[in-house]
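Because the structure is a prediction, the values reported are computed rather than measured.
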Amino acid sequence: MDPQWFFRLTGLPQSNTPQIFACLGMVLGLYGILYLDVARRPEQGWLVAAVGLTGKVLGPLGLAWLIVTGTWPADTVILVVTNDLIWWLPFARYLRDAWPDFRCGEPMTDPDNLPHSGTP
């Protein structure tokens with residue numbers, strides 16, 4: 001809705017192609033629909049979460065390069081703090097817990113709720 005907000009906040013020159021920033025916002029908003037599906041069906045969401053975490057790692061690396069090379073000011077770090085870094089732990093924990101089931105192609109199960117076969 002306001003593709004120039006980030007540029008105003010950080011003191012960067014306003015973009016002469018705000019449509020690109022608006023389009024990026026739309027695509028990232030669509031990720032929210034995928035994350036909702038992961039929340040609805042956590043046993044089937046490993047791949048979506050892995051792609052999401054990859055983006056949340058690569059984004060800060062790219063921004064770090066922009067800051068180190070002087071292309072963007074250090075104030076722009078607020079973008080990755082609020083959009084990426086805060087999500088590393090939740091994504092990593094989900095992926096760690098979901099990994100065995102993803103690897104085996106089986107739905108996640110709770111060992112405490114499995115039927116007992118009668119053998120020790």
Take atom CZ of R93 as the centre, draw a 6.0 Å sphere, and report whether it contains more than 12 heavy atoms from other residues, nucleotides or ligands.
-> no

Quick one: are T76 and L66 in side-chain contact, heavy atoms under 4.5 Å?
-> no

Between L95 and A50 the two heavy atoms that sit nearest each other are CD2-N, 3.7 Å

Lys/Arg N to Asp/Glu carboxylate O, R41 vs D37, below 4.0 Å = yes

Distance in Å, R96 CZ paired with W46 CH2, rounded so as to fall on 0.5 Å steps = 14.0 Å

Answer whether the closest heavy-atom distance between the side chains of K56 and L85 falls below 4.5 Å.
-> no

Taking all non-hydrogen atoms of both residues, which atom of P3 and which atom of P18 are closest, and how far apart?
-> CB-O, 3.4 Å

Compute the centroid of each ring, for F6 and then for W72, and state whether the two points are separated by less than 6.0 Å.
-> yes

Hydrophobic cluster identity match, L28 and V81, side-chain contacts under 4.5 Å = yes

Shortest non-hydrogen contact between W88 and P60, atoms and distance = CZ2-CG, 4.1 Å

Closest heavy-atom pair and its distance - S15, Q4 = O-NE2, 2.8 Å

Could you walk me through whether I33 and L30 pass the side chain to side chain contact (heavy atoms under 4.5 Å, CB included) test, one step at a time?
-> CA-CA 5 Å; I33 296 170; L30 291 173; 3.8 Å; yes

Looking only at heavy atoms, the pair that brings P42 and A39 closest together is CD-O, 3.6 Å

With a 4.5 Å limit on heavy-atom distance, are the side chains of P73 and I67 in contact?
-> no

pair P13-F7: side-chain heavy atoms closer than 4.5 Å | no

More than 12 heavy atoms of other groups within 6.0 Å of L58 CG | yes

Spacing of CG belonging to L24 relative to CD belonging to Q19, to within rounding of 0.5 Å = 13.0 Å

First locate atom CD1 of I20, then atom OG1 of T17, and finally report the distance between them rounded to the nearest 0.5 Å.
-> 3.5 Å

Rounded to the nearest 0.5 Å, the CG atom of L9 sits from the CH2 atom of W5 at a distance of 6.0 Å

Derivation of the side chain to side chain contact (heavy atoms under 4.5 Å, CB included) call for W87 and L53 = CA-CA 8 Å; W87 292 104; L53 181 59; over 6 Å; no

State, with a plain yes or no, whether a side-chain heavy atom of Y31 is found less than 4.5 Å away from one of V51.
-> yes

Co-membership, hydrophobic cluster, residues L34 and V27, 4.5 Å side-chain = yes

Cluster link L61 to I86, ILVMFWY, side chain under 4.5 Å = yes

Can you tell me how far CG of L12 sits from CG of D75, rounded to the nearest 0.5 angstrom?
-> 9.0 Å

Rounded to the nearest 0.5 Å, how far apart are CG of D84 and CZ of F91?
-> 9.5 Å

Indicate, with yes or no, if L36 and V38 share a hydrophobic cluster defined by side-chain heavy-atom contacts under 4.5 Å among Ile, Leu, Val, Met, Phe, Trp and Tyr.
-> no

State plainly whether one hydrophobic cluster holds both M26 and V48, where clusters connect Ile, Leu, Val, Met, Phe, Trp and Tyr through side-chain heavy atoms under 4.5 angstrom apart.
-> yes

